[in-house]
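Here's the structure we're looking at; comments come further down.
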Amino acid sequence: MKTSIRLLGGALAAALFAAPVLADTVKIALIHGTSGSSLDAYSKQDETGFKMGLEYATNNTMEVNGHKIELIHKDTQFKPDVARAVLAEAYGDDDALIAVGGTSSGVTKAMLPIAKQYKRILLVEPAVADSLTGKDSNRYVFKTSRNSSQDMQAQALSLNPDKDLYVATLAQDYSFGRDGIAAFKSALKGTGATVVDEEYVPLKTTDYTAAAQRMFAALKDKPGRKVILIYVAGGSDPLSKIAGMDPGRYGIELSAGGNILPAMVSYKAVPGMLGATYYYYGIPKNPINDWLVTEHEKRFGTPPDFFTAGGMAAALAVVKALKESPSLKTDDLIKTMAGMSWDTPKGEMTFRASDHQAMQDMYAFKIKVDPNVKWAVPELVRVIKPSEMDIPVGREDKN
């Protein structure tokens, strides 16, 4: 009897050893606003880029180390309470290993405690505010999107600031805008440049007349170079509206960062404008960007846009982490990702180990108007390397 049991046990062991091991599916939740705001265009670009990034990184298998990747889509409706609920649903009910999102900085900030509560990774993309890796963040949060300090330090460098520069700023009155202007002012410290006025407008503002008049009044009698810096997200087009008010009669220039291609149409009103951008498809020269541009044009008839590249960068980070982590446990993934470098359409990015912000190149540009191109072209002036930017550490990670 004992011999039979031993034989049976041996046969079962052999059978189990020989049988294929079914790997767990890795579920990734894309948590973006896809309804309720003009910013939903950013979400759509980001999700397109994420899918293309998974395709590129997995050689179109949607599989990493034997683990199938499954995408889950959740709509935050651009509401903080909805964002918290759908993220909790993704982690709890859907068992998502990693969540990627969200679009609005204010909405994304509300999601940070949920990642800590469920002890799961939240990869922030494409929201920008510094505060997303700041003191209210936590060890489960990583960020592939650039932050406000990267935006604004690059913007400041693109203006070649000195004691003869006077600036008025226009931004939206929420975390994206206020973090951005705070970062811009910090970047100007020690240069001699002066910020003479700060205007903050509600998120849905479309009429910038009053704010522009106040900025004109603050700048017009100043000596030296006079610049209005515009840091506004969405489709309300403050740039061409303020340009239409003829700031040049006071010797005032305009400056703004890069934007999605439909918004860049309005930049044709400001040929020669200086600024800085996170991405423009014609600037980076590397195999990943070449593939993205070629494939996107083939599939959609247009070049990849601002946030398409960001979505792809996030997907490439996720796949590399899954490949290199010793397990799918969150702690192992965190240890793998903290300090990790990986290749993207922009070139190499690195998650800073201290606060998990992705360090990356930015691009100083000068606007060129080409009649054969629908949008204004941000012509590269120079690449601004991470080593040139003093990006504040938002939060010290305690692994």
Side-chain angles (χ1 to χ4, degrees), residues 32-45 76-80 82-83 102-110 126-132 147-148 151-152 155 167-185 195-220 226-248 250 252-270 273 275-278 306-307 367 375-376:
H32 290 113
T34 55
S35 62
S37 170
S38 62
L39 300 183
D40 61 4
Y42 300 177
S43 303
K44 291 170 184 174
Q45 289 181 17
T76 69
Q77 301 174 35
F78 294 93
K79 298 175 181 176
V82 174
T103 311
S104 158
S105 293
V107 172
T108 304
K109 192 170 182 179
V128 173
D130 279 4
S131 54
L132 298 174
N147 68 8
S148 300
D151 264 353
M152 291 293 99
Q155 193 75 21
V167 184
T169 64
L170 174 69
Q172 289 154 320
D173 193 9
Y174 76 117
S175 54
F176 169 79
R178 288 194 172 271
D179 282 10
I181 299 308
F184 180 73
K185 291 166 64 180
V195 174
V196 298
D197 183 38
E198 298 174 43
E199 297 291 332
Y200 297 97
V201 296
L203 187 59
K204 295 184 178 181
T205 296
T206 57
D207 184 353
Y208 296 94
T209 304
Q213 294 290 4
R214 289 191 294 271
M215 291 188 289
F216 291 173
L219 284 169
K220 66 180 183 178
K226 295 169 278 194
V227 175
I228 289 175
L229 171 69
I230 299 171
Y231 194 57
V232 172
S236 59
D237 187 19
L239 184 64
S240 68
K241 290 175 180 177
I242 295 175
M245 297 173 66
D246 192 19
Y250 300 120
I252 298 171
E253 305 169 34
L254 301 182
S255 181
N259 211 321
I260 61 174
L261 297 180
M264 293 291 288
V265 174
S266 68
Y267 285 44
K268 285 195 168 189
V270 285
M273 184 187 78
T277 190
Y278 162 80
F306 205 74
F307 296 108
I367 287 297
W375 47 83

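Values in this document were obtained by computation on a predicted structure and should not be read as measured data.
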For [X] and [Y], work out which heavy atoms get closest and say how close.
{"X": "Leu261", "Y": "Trp375", "value": "O-CB, 3.7 Å"}
{"X": "Ala127", "Y": "Thr108", "value": "CB-OG1, 3.5 Å"}
{"X": "Lys185", "Y": "Val195", "value": "CG-CG2, 4.0 Å"}
{"X": "Gly177", "Y": "Tyr200", "value": "O-CE2, 4.2 Å"}
{"X": "Thr277", "Y": "Gly258", "value": "OG1-CA, 3.3 Å"}
{"X": "Val227", "Y": "Leu254", "value": "CG1-C, 4.5 Å"}

Return the [atom1] to [atom2] distance between [X] and [Y], rounded to the nearest 0.5 Å.
{"X": "Phe78", "Y": "Asp40", "atom1": "CZ", "atom2": "CG", "value": "5.5 Å"}
{"X": "Leu239", "Y": "Tyr267", "atom1": "CG", "atom2": "OH", "value": "6.0 Å"}
{"X": "Lys204", "Y": "Ser38", "atom1": "NZ", "atom2": "OG", "value": "9.0 Å"}
{"X": "Met264", "Y": "Phe306", "atom1": "CE", "atom2": "CZ", "value": "9.0 Å"}
{"X": "Arg214", "Y": "Thr209", "atom1": "CZ", "atom2": "OG1", "value": "10.5 Å"}

Discussion item. For Phe307 and Ile260: C-alpha separation, side-chain torsions, deciding distance, then whether side chain to side chain contact (heavy atoms under 4.5 Å, CB included) applies.
Written reply: CA-CA 8 Å; Phe307 296 108; Ile260 61 174; 3.7 Å; yes
Practice prompt. May I ask you to check whether over 12 heavy atoms, not counting those of Lys241, lie within 6.0 Å of atom NZ?
Written response: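 Yes, because the 6.0 Å sphere around NZ of Lys241 holds more than 12 heavy atoms from other groups.
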Item to complete: Would you please classify the geometry between the Phe176 ring and the Tyr231 ring as parallel, tilted or perpendicular, with 30° and 60° separating the classes?
Response: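 Parallel, since the angle between the ring planes stays under 30°.
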Item to complete: Start with the C-alpha gap between Met215 and Ile252, add the side-chain angles, then the distance that decides, and say whether side chain to side chain contact (heavy atoms under 4.5 Å, CB included) holds.
Response: CA-CA 10 Å; Met215 291 188 289; Ile252 298 171; over 6 Å; no
Discussion item. With side chain to side chain contact (heavy atoms under 4.5 Å, CB included) as the criterion, how do Lys226 and Val196 come out once you've worked through the C-alpha distance, each side chain's angles and the decisive distance to 0.1 Å?
Written reply: CA-CA 10 Å; Lys226 295 169 278 194; Val196 298; over 6 Å; no
Worksheet item: Mind checking whether Ile228 and Leu219 have side chains closer than 4.5 Å, heavy atoms only?
Response: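 Side chain of Ile228 against side chain of Leu219, heavy atoms only: contact under 4.5 Å found.
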Worksheet item: Would a 4.5 Å heavy-atom cut-off, applied to side chains only, mark Ser148 and Val128 as touching?
Response: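 Yes, side chains in contact.
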Practice prompt. May I have the step-by-step check of side-chain hydrogen bond (donor to acceptor under 3.5 Å, both in side chains) for Thr34 and Ser43, ending in yes or no?
Written response: CA-CA 6 Å; Thr34 55; Ser43 303; over 6 Å; no
Fill in: side chain to side chain contact (heavy atoms under 4.5 Å, CB included) assessment of Lys109 paired with Leu132
CA-CA 6 Å; Lys109 192 170 182 179; Leu132 298 174; 3.9 Å; yes
Fill in: Side-chain donor-acceptor pair present, Ser175, Ser105, cut-off under 3.5 Å
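There is no such pair (donor and acceptor under 3.5 Å, judged by atom type) between the side chains of Ser175 and Ser105.
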